[in-house]
Structures are given as structure tokens and as C-alpha cells.
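Below, chain A is the first sequence line, B the second, and so on; all start at residue 1. These numbers come from a predicted model, not from an experiment. For the numbers below, each heavy atom of this structure counts, side chains included, while hydrogens, waters and symmetry mates do not.
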Amino acid sequence: ETGVTQSPTHLIKTRGQQVTLRCSSQSGHNTVSWYQQALGQGPQFIFQYYREEENGRGNFPPRFSGLQFPNYSSELNVNALELDDSALYLCASSSGQGSGETQYFGPGTRLLVL
Amino acid sequence: SQELEQSPQSLIVQEGKNLTINCTSSKTLYGLYWYKQKYGEGLIFLMMLQKGGEEKSHEKITAKLDEKKQQSSLHITASQPSHAGIYLCGADNNNDMRFGAGTRLTVKP
């Protein structure tokens, strides 16, 4: 086990609703990255938080937003849910930002949008 | 942006057989990671390679990065059912990581 935890494990929402996913990073890690993984594809980078600041963002619309707290845990918020948002959402923590820092992943939250 | 292509997309092998999975990058790799994923679960870190020609092994899994740092291979010796899963290569891309689409490995007992 990596020590990275995510909640909830599964979630069902309807179009237009909002959702908040949570991630607790591994002890000693100050960086959290979020990824979206559609079925049969590799994870796609959403954004990264380093010491409570957004530190890079992938090609996702502004309705995907996040937060990192002083204890380095993090939230991913998605507003105005669309059917295509159905996916496995993964968070990963690392001990620093940038290249060369191994990311350790949580078990994921599976979101289904109906 | 950096693109990673994995081959094959899926692989079915008999228990005890050796196999190789490849990961090719459109750009020079400055950090190449191999992860394993059970269906619908999180990614388990296997190995990280940074230097051209580097090779690392853990138990029966060996990963190599070529000298030009654009291709990596993952080799499993004497496969076991416990090796089954999806193998993903990922590359450092400044603050994010780019992943290949994955190779689904099935090991038949």
C-alpha cells in the first residue's frame, strides 16, 4: 500500500450536479496530482498542487477545480457534471514538484454520471 | 507535448513464459516510470529510469531505457498469474506525468 487514500471509492451523480473527491497524501509528501482515467486509456493529468498552490494544469476546463490544505490533503471539485466526466479519478502524492519525483497513487474514485 | 505509445495493447501468455512490453516516446525521456494497475484500481509503482542505457530489476521484472532515451522496455521472466494486470509507462513532463494507454497482460495458468 502507498499510504495515499481517496474517498469515496464509488460515486453516482446526474448531469449538472457537482462533486467533491478527496485525497490524503502519503506522510511526508507535499505535492498532490490529480488524474482522470477513462476506460481503456491511460491517466490524463488534471492539475497538481504544491504547498497549497496550483502548480500546473492539464487540458481540463475551469469547472474542474481543486484545493490543497495545510496538511497537504487535497480535494478535486467538478461542477456542472457531464456524461463524459464518468471515469476513474486518481490522486498521486510525491515529496516534491517537478521531474524525478516518483508519484504514488491512491486506489481511485470511480465516478459515474448518469 | 510528449506522446507515449505502448505495444502491444494486450498480451496473453501461458504461465512460465517470458514477455516484453514496449514504450516509445515522441521526445527524449527525462524520467520514465513503469506502473502496474489492477482493473479499476490505483497504480502501483514498479520502477523509474532516468539515464540512457539504464536497467533495473525487481524480482522477475526488468526495465530498460535505451541509450537515446526514447524507448523503454519491460521484461517479465517466467510469468505468473500474479503478473496479470495493466502495465503503464509514464514520462515526466515538467509538473505532470504523461502516460501511455497501457498494455493489458493476461497470464493463463
Side-chain angles (χ1 to χ4, degrees), chain A residues 1-7 9-10 23-26 29 31-51 53-60 86-112, chain B residues 1-10 21-51 54 56 58 63 65 69 72 74 85-105:
Chain A
E1 286 206 0
T2 63
V4 181
T5 60
Q6 291 186 242
S7 62
T9 54
H10 296 82
C23 172
S24 290
S25 58
Q26 186 170 316
H29 286 183
T31 304
V32 174
S33 303
W34 285 92
Y35 294 83
Q36 180 195 66
Q37 187 179 23
L39 206 58
Q41 297 181 20
Q44 299 290 316
F45 175 70
I46 303 175
F47 43 57
Q48 182 183 83
Y49 278 83
Y50 171 67
R51 295 186 174 180
E53 297 284 333
E54 188 178 289
N55 186 47
R57 189 180 181 91
N59 190 26
F60 281 80
S86 295
L88 180 68
Y89 288 85
L90 297 160
C91 80
S93 74
S94 55
S95 58
Q97 56 171 334
S99 299
E101 295 291 343
T102 298
Q103 296 188 14
Y104 295 91
F105 284 77
T109 293
R110 183 161 294 283
L111 172 65
L112 178 61
Chain B
S1 65
Q2 185 157 38
E3 302 292 334
L4 294 177
E5 189 171 322
Q6 285 187 240
S7 62
Q9 284 185 315
S10 64
I21 297 168
N22 294 302
C23 176
T24 302
S25 172
S26 59
K27 296 184 179 181
T28 301
L29 293 160
Y30 292 102
L32 187 284
Y33 299 77
W34 283 100
Y35 288 89
K36 179 185 174 186
Q37 183 178 31
K38 294 278 183 149
Y39 179 74
E41 298 181 8
L43 279 61
I44 299 167
F45 172 69
L46 296 175
M47 275 171 274
M48 190 261 268
L49 305 165
Q50 283 187 302
K51 299 176 184 175
E54 187 174 8
K56 287 186 178 178
H58 177 67
L65 182 62
K69 295 173 61 173
S72 178
L74 187 82
I86 300 168
Y87 289 82
L88 291 151
C89 63
D92 271 332
N93 186 62
N94 293 323
N95 293 329
D96 67 296
M97 189 176 299
R98 300 293 169 98
F99 285 92
T103 295
R104 182 181 293 274
L105 172 64

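Neither the backbone nor the side chain of A:I46 comes within contact range of chain B; no heavy atom of the residue lies under 4.5 Å from a heavy atom of that chain. For B:L43, the parts sitting under 4.5 Å from any heavy atom of chain A are the backbone and the side chain alike. Only the side chain of A:Q37 comes within contact range of chain B, with at least one heavy atom under 4.5 Å from a heavy atom of that chain. Neither the backbone nor the side chain of B:Q6 comes within contact range of chain A; no heavy atom of the residue lies under 4.5 Å from a heavy atom of that chain.
The two residues B:L88 and A:G42 make their nearest non-hydrogen contact at CD2-CA, 4.0 Å. Here the closest non-hydrogen pair linking B:M97 and A:F45 is O-CB, 4.2 Å.
B:E5 CD: 12 or fewer foreign heavy atoms inside a 6.0 Å radius.
When the candidates A:P107, A:S94, A:C91 are compared by the number of heavy-atom contacts under 4.5 Å with chain B, A:P107 comes out ahead. The most heavy-atom pairs under 4.5 Å with chain A, out of B:K38, B:E41, B:R104, come from B:E41.
Considering only heavy atoms from C-beta on, B:F99 stays 4.5 Å or farther from A:Q41 through its side chain. The side-chain heavy atoms of B:Y39 and A:L88, taken from C-beta on, include no pair separated by under 4.5 Å.
To the nearest 0.5 Å, atoms CZ (B:R98) and CD (A:Q44) are separated by 8.0 Å. Taking OG1 of A:T102 as the start and CG of B:L46 as the end, the distance is 11.5 Å to the nearest 0.5 Å. Of the inter-residue distances, the one linking B:Y35 atom OH with A:F105 atom CZ reads 5.0 Å to the nearest 0.5 angstrom.
For A:R51, there are no side chain to side chain donor-acceptor pair (under 3.5 Å) partners, not counting sequence neighbours.
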